[in-house]
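If you read the sequence from its start, that first residue is 1, and numbering goes on from there. Every number for a ligand or one of its atoms is a count from 1 in the order of the listing.
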Amino acid sequence: MMEFIPVNEPIIGDQEKELVLSCLNTGWISSEGSFVEEFESKFSYKCARKYGIAVSSGTAALDIAIQALNISKDDEIIMPSFTIISCIHQIVRIGAIPVFVDSDLRTWNMDISKVEDNITSKTKAILVPHIYGLAVDMQFILDLAKKYNLLVIEDAAEVIGQECRTKPCGSFGDISIFSFYANKHITTGEGGMIVTNSENLNERCKALRNLCFQNENRFIHEEIGWNYRMTNIQAALGLGQLSRLEKIIHRKKEIGLIYTEKLKELSDFILLPDLSTEYSSNIFWVFGIILKNQEKFKSAKNLSIFLKENNIGNRPFFYPLHLQPVLLRIYPHLGNIKLPISEKMYKNGLYLPSGLALTNDQIDYVCSILKKAFQDF
Ligand SMILES: *Cc1c(COP(=O)(O)O)cnc(C)c1O
C-alpha cells in the first residue's frame with residue numbers, strides 16, 4: 001500500500017526561505033516592518049484594488065469587514081448555508097441576522113437565482129464566498145446589490161488568483177477578503193488580507209486591526225477593535241508565495257484535470273466538479289466529489305473511512321450553517337429551514353488530497369482505489 005497521502009501539504013520554496021531569513025536578520029519581526037506593506041501593495045495590485053490590509057487570518061478579515069461596513073443589530077445578511085463557520089462569527093456577535101440561501105449543485109456555490117427572493121427591507125448586505133474553486137457570477141450579484149442598495153462582502157479565501165469574466169476575484173465586493181491558511185493557494189501559515197477601493201474603509205479596517213489606536217492621541221480610543229495584525233515574518237513568506245502564484249494555479253488546475261480525466265468513468269457513482277462555467281474556470285482549491293444515489297457507501301462518511309483505510313487523507317464537506325447546533329440556539333427560527341442541496345452536499349460530499357505537494361503517482365493511486373471502491377457495481 002502507498003504511504004499515507006495527506007489531504008493537503010503545502011510547498012515552501014527557496015525564495016520564501018530566503019525572504020523569511022532576511023526578515024529575521026533585520027530584527028523586524030512584529031507587524032512593524034517593510035514586508036507587510038510590500039505584501040499589501042503587491043497583493044492588492046494583483047486583485048486590482050487600491051488598498052490591502054494584511055491581517056492574522058481570513059476569519060479576522062471577515063470580522064473586520066462586517067464591523068467596518070457598520071452592519072448592526074437586526075440587519076439581515078444574505079449568504080449561503082454551505083460555507084465555513086468563519087463567515088458568521090461577527091454577524092452573530094453584532095446580533096445581525098443571517099438569511100441562508102441554498103447552493104447550486106453544479107457550481108457548489110450559493111444559488112444566485114434564489115438571492116432576490118430573500119431580499120427584504122431589512123437586508124443590508126450579501127456575503128458571497130466562492131466555494132472550492134469555481135467563482136460565483138459576481139456581475140449578477142453586483143447588479144442586485146445596485147438595484148436594492150446593498151453592500152457586498154466577497155469571501156475570496158478559496159480562490160486566490162481566480163477570475164470571474166476576466167476580472168480578478170477579490171475585486172468585486174465593497175470589501176473582499178482572503179485567507180493564507182496553510183491549505184490555501186498561497187500561504188503565510190496563518191494569515192489573511194482585506195482589500196477595498198475605499199479610502200474610508202481602508203482607514204477603518206486598519207484601525208480595527210490595530211486596537212483602534214488613533215494617530216494623534218494614540219492611547220485614547222473611540223472604538224473597540226482587535227489585535228489582528230500580520231507579522232513581518234508572515235508577510236515575507238507571503239511575498240515569496242505570491243511570486244509563484246501563476247505556477248501554483250497552473251499546478252492546481254492540472255491536479256483537477258488529472259482527477260477529472262481519471263474519474264470520469266465513475267460518473268454513475270460520483271458527481272465531479274465542473275472544469276468551468278461560462279464565467280470562470282475551476283482552479284480547484286480542493287478536489288471535491290459528491291456521491292450519487294448508490295448502494296455501497298450510502299454516505300460520504302463511509303467512503304471517507306474506506307479511503308482512510310487505504311491511506312488516503314480526505315475531508316468532509318462543510319456542515320451547513322443552518323444545521324449548526326450553536327446557531328440553532330442563537331437563531332431558533334433556523335429549525336424550520338430546509339436547504340436540501342446544502343444538506344445533500346454535506347451528506348454525500350468529501351474532498352480528496354489536493355495539496356501542492358501531491359504527486360501524479362499519488363493521484364493515480366487515489367483514483368485506482370476509488371475505482372476499486374465501486375468496481376462491484
Ligand atoms: C479558509 C477560509 C476562511 C477562513 O480563513 P482562516 O485564515 O482559516 O481564518 C474563510 N472563508 C473561506 C471561504 C475559507 O475557505
Side-chain angles (χ1 to χ4, degrees), residues 7-8 10 39 43 47 52-67 77-93 98 100-101 103-104 107-110 125-136 138 141 152-162 164 169-170 172-173 175-195 205 208-209 226-231 234-235 237-238 241 252 273 280 282-288 315-321 324 342 345-346 349-351 354-356:
V7 74
N8 175 70
F39 187 42
F43 191 88
C47 40
I53 304 101
V55 292
S56 52
S57 70
T59 307
L62 282 160
D63 287 354
I64 291 177
I66 299 287
Q67 186 70 25
I77 317 294
I78 296 178
M79 60 193 291
S81 177
F82 188 84
T83 185
I84 191 168
I85 192 93
S86 309
C87 291
I88 209 166
H89 280 190
Q90 188 60 10
I91 292 174
V92 168
R93 289 187 202 108
F100 294 124
V101 171
S103 296
D104 174 347
T107 63
W108 305 350
N109 281 314
M110 174 161 67
I126 312 176
L127 194 163
V128 192
H130 305 276
I131 301 292
Y132 293 170
L134 277 173
V136 174
M138 289 307 291
I141 297 289
V152 174
I153 303 147
E154 182 189 13
D155 179 347
E158 299 177 8
V159 291
I160 302 169
Q162 171 64 294
C164 178
C169 287
F172 298 104
I175 292 185
S176 302
I177 73 96
F178 293 89
S179 160
F180 306 124
Y181 182 65
N183 67 2
K184 298 294 163 39
H185 286 86
I186 69 172
T187 182
T188 58
E190 302 281 353
M193 186 78 77
I194 303 162
V195 294
C205 293
L208 288 165
R209 159 182 79 175
W226 293 273
N227 174 354
Y228 276 168
R229 302 181 298 253
M230 174 184 276
T231 69
Q234 291 170 303
L237 176 51
Q241 289 262 300
K252 281 285 208 180
S280 89
N282 205 328
I283 59 167
F284 295 102
W285 171 54
V286 294
F287 193 89
R315 286 275 184 289
F317 273 15
F318 292 128
Y319 191 57
L321 296 181
Q324 295 286 356
S342 312
M345 282 165 59
Y346 166 73
L350 59 72
Y351 60 88
S354 329
L356 286 161

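- The side chain to side chain contact (heavy atoms under 4.5 Å, CB included) test with Cys169 singles out one residue from Ile283, Val159, Val136, and that residue is Val159.
- Aromatic ring orientation, Phe39 versus Phe180: tilted (interplanar angle from 30° to 60°).
- For the 3.5 Å distance criterion, the side chains of Gln162 and His185 fail to qualify, holding no donor opposite an acceptor.
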Check ligand 1 for close polar pairs with the protein: N or O on both sides, less than 3.5 Å.
unit_1: ligand 1; atom_1: 5 (O); unit_2: Ser179; atom_2: OG; d: 3.1
unit_1: ligand 1; atom_1: 7 (O); unit_2: Gly58; atom_2: N; d: 2.7
unit_1: ligand 1; atom_1: 7 (O); unit_2: Ser179; atom_2: OG; d: 2.7
unit_1: ligand 1; atom_1: 9 (O); unit_2: Gly58; atom_2: N; d: 3.3
unit_1: ligand 1; atom_1: 9 (O); unit_2: Thr59; atom_2: N; d: 2.8
unit_1: ligand 1; atom_1: 9 (O); unit_2: Thr59; atom_2: OG1; d: 2.5
unit_1: ligand 1; atom_1: 11 (N); unit_2: Asp155; atom_2: OD1; d: 3.3
unit_1: ligand 1; atom_1: 11 (N); unit_2: Asp155; atom_2: OD2; d: 2.6
unit_1: ligand 1; atom_1: 15 (O); unit_2: Glu158; atom_2: OE2; d: 2.5
unit_1: ligand 1; atom_1: 15 (O); unit_2: Lys184; atom_2: NZ; d: 3.3

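- The aromatic ring centroids of Tyr319 and Phe82 lie 6.0 Å or more from each other.
- Ring-centre distance between Phe178 and Phe43: below the 6.0 Å cut-off.
- Side-chain contact of Gln234 with Glu190: a donor-acceptor pair under 3.5 Å is absent, judged by distance alone.
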